[in-house]
Amino acid sequence: MFTIRRSWIAWLLRLARSSRVGYRSRRLPMVTVPPDAPQSTRAKLAIVGARPGKEEARLGHPFVGGSGDELWKLLANHRTYRAQCLVTNTVLTFDPDRALPTWPEIRDELPRLKAELEAHPSNVILALGNEALQALCGLRGIDSWRGSILESTLVPGRKVVAAWHPANILRTYERRYILDADLRRACLQAAFPEIRRPVRNFNTDPTIEECVEFLRGIGDEACVDVECSRNTHRLYCVGVGAYPNSRDIISIPFTRGQMTVTERVYVCRELQKVFDRCGIIGQNIGFDKWILELFGFRVPKITFDTMLAHHLLWPEAGIRLKDDIGKDNFSGGHDLGFISSCYTEEPYYKHEGHLSEDTPEAWTNFRIYNCKDVAVTIESTVGLRQELKEFGQADYYYSHTNKLIDPVWRMQGNGLEIDSEALKERKERLQLENRVLQGRLNRAVGFDCNVKSTVHLRYLLHDKLHLPIKKRTKKGGAPSTDEETLRTLAYNSPYTDLFKLILDIRERRTLLSGFMQLETSQDGRYRAAYLIHGTDSGRLSSRAPKDLDGRLGPQLQNVPVHFRNVFRAPAGCGLMGADLRRAEAMFVAYDSGDRGLIHAFETPNFDSYIDLGESVLGVKFVDLEKELAKIYRDCFKQVTHASNYGMGPLKLIAVLRLKGIDIEDINVRGIHQPKRKAEYFLEGYHDKFPAVRHAWQPRIREELRTKRTLLDALGRRRFFMGRMDEALYRIGYSFRPQSTVVGVTNLAFRRLDAWGWKMVLQVHDFVGVEYPLEKERECCHALHEAFRTPLTLHGRTFTIPVDIKAGPNWRDMKPVEIAADELVERLHDVHSPTRIPGDVSSLERDNYYIGLTRS
DNA sequence: CCCACACGC
DNA sequence: GCGTGTGGG
């Protein structure tokens, strides 16, 4: 504390000596940082930031601190340098208390800013951050407007390109690539003064003749965008364009508009012909297809989805960070607003899509919006296709990603039958147990203790019971009260039962709040939403279905195991599920080429966990007590998992504790300290299987460091945007195994769907089929066959074995055994054989810009 | 709105 | 490590 204060005083003294210091209001030192003029009278670029920061105030120039360094570094990529630019801020004074100026402050300085910009004309004013955007264009919302080419309201006629303030990306490294792309646009636009808008010819209220002529003129592919009411009961209009023409678009009105009902029926027939004849392109086109089918159309041939292609190419990109992907944000970072900012020159327009009133003007504007959606989807398709080709991902997109759309939407439509009796019974029992346990807890601790309140638990643990602090929370640094902490404190303590009680109540409350409100459709089935673009690794994700009033139930990927009996097969049917056995570990074995690991997988009935445990601990597990042997085996299962992904010793201890294993209970000769023990285990793994650490991990690190890109064994590419550090390497280690296993699973899922099986579940590497009981054997064969995708890595070919289970519901499933010779070879497959590159291919480029094709 | 926590793989 | 979701403050 003292050192901070001292340096603060030293800084103040420095300021006092500086001639730029003035005392404007009370004691606040207000330092003024004047703009830097370009070296010629004409600037290549005028750059407007928010206000000077500490470094700027100290040195007396704008953009000379951390954000400045970042800015100049990135601009140098586009051959633009400081001396060529006018560099200024909306407000010239530094305020130690307020990093960003308020609007009144900005407003006071607008005349000065305007004069500066006029004195040093430039073709482009680069508006960095919200403040500059507002000063220059009178707009707010930089997340929306970044990347847009705008006209300045402050200096009419002048072109503005908006971008994030570089200070933003110091904190969130991933955004660097998006800022870079926006700077690239600013520099390219600086070559000429005028604002060149895309030429658009939108027909927002076509006659029947115009519709027919347009629809009949469409070639191989049509781009479609449907607008409907939020509850999907009412179709507003359908925008259509003929790919790749993004200029001429029509919006066919289904509400209002000049056509009569009879005319519209005729147009619908023509539209259906387009769907039958053409490949259909769209943004999240599965949704449009679903709506169109609700209204009686058929859409058999989807050829491109901009959202999915963008997700495949840039899984981490997007306006929103991981943390802020909110409930209402359906598409994560891959919404059309963001995509069009990267691949088109259409200025931001997504705020225009609200139908405010029922007037002809409002409807016209709404259909213009509809047409814009189609136009930018077409332009983005052109750009994305070029990128797919450039990055060698076109094959993966068309033979894997695009083919997921129909099966996934079908599964979503299938839903799962709910056993409402079981649900009700379960709910009542949980509520009762919860009441009893809560009463017991309250009596034991002497107050009404809310187990979900960290405040209550901290009070109980540290103030009442005077227990030591074992762990602190990551962000706030407050004493943690999570399950791991409670288990640590419970170990060998008199409070074991008390903490058990707390955890029991927590578990029940989680269940009651998360999984008991579950609404089914009239057919008694529950339909969760599935997202193809939900994860960076390519896994499907599932979400709670939503309607106008909110949630209709839980998502499916974290339903507690013992609650899964509520999801069942209807009478006469069963549920059969399959997942890949130790798939990721097996992949690591073959990908690392480690002989010991490969041996473990090639030897039938070989238990590699026991083998590892025995060699690390130097004891034979058969000599141990049965109970203990099981704990030891579980322990080394976790050690195996941890080692593959570069986990540290402390994290290993935590993971073990959550599995109910206290590392203290495992005897190691000569080592007693838990952390040392964990280190010893991890070392033991690497000693036994040296290739993982000495060959496999370095290889991945090297790929990441030089190319920021990894490929999985099926050819899926992942570009990594994060800061190059240990955390990124760890994500990298998990990518190849995880992504490949996902690829194999999704392929199996698609095959089963194509063979006519009713798919009802897909959770990570598990797929579930609802089958008629008499077809059990057939279904089992189909699952086996669907999952059989041989992989070749470094000259060795292997197939990940699959575990198949069946039962009346999702919980009570028992293994289905099938003799190997019963498996008949069948040739049918849903996709033409795909080239399977085993090794990471060499991509030459090391600099990528999202939206390569934009001008 | 952010944080902590909990469930799954 | 990767996800989605709830409740507290």
Nearest whole Å is fine: how far is [N] [atom2] from [X] [atom1]?
| X | N | atom1 | atom2 | value |
| --- | --- | --- | --- | --- |
| A:Gln762 | C:dC2 | CD | P | 19 Å |
| A:Leu457 | C:dG9 | CG | P | 10 Å |
| A:Leu512 | C:dG5 | CG | P | 18 Å |
| A:Arg509 | C:dG7 | CZ | C1' | 7 Å |
| A:Leu531 | C:dC2 | CG | P | 18 Å |
| A:Arg736 | C:dC2 | CZ | P | 18 Å |
| A:Glu584 | C:dG3 | CD | C1' | 13 Å |
| A:Phe735 | C:dG3 | CZ | P | 12 Å |

Report yes if some heavy atom in the side chain of A:Tyr733 is under 4.5 Å from a heavy atom in the side chain of A:Arg701; otherwise report no.
yes

Report all side-chain donor-acceptor pairs from residues 429-437 of chain A shorter than 3.5 Å, counting only partners two or more places apart or in another chain.
| residue | atom | partner | partner atom | Å |
| --- | --- | --- | --- | --- |
| A:Glu433 | OE1 | A:Arg508 | NE | 2.6 |
| A:Glu433 | OE1 | A:Arg508 | NH2 | 3.2 |

Residue-phosphate contact under 4.0 Å: A:Asn450 side-chain N/O, C:dG7 OP1/OP2:
no

N or O in side chain of A:Thr535 less than 4.0 angstrom from C:dG3 OP1/OP2:
no

Go through the structure and list residues passing ring pair (Phe, Tyr, Trp, His ring centres under 6.0 Å) with [X], not counting sequence neighbours.
| X | value |
| --- | --- |
| A:Phe587 | none |
| A:His351 | A:Trp145, A:Tyr348 |
| A:Tyr397 | A:Phe304 |

Is it possible for you to check whether A:Arg708 lies under 6.0 Å from the centre of the six-membered ring of A:Tyr177, through NZ or CZ, and within 45° of that ring's axis?
no

What's A:Asp579 touching, base or sugar-phosphate or nothing? Going by heavy atoms closer than 4.0 Å.
nothing

Per-nucleotide protein contact string for nucleotides 3-9 of chain B, where B marks a base within reach and S marks sugar-phosphate only (heavy atoms under 4.0 Å, - for neither):
SSSSBBB

A:Asp579: which residues meet the salt bridge (Lys or Arg N to Asp or Glu O under 4.0 Å) condition with it, sequence neighbours left out?
none

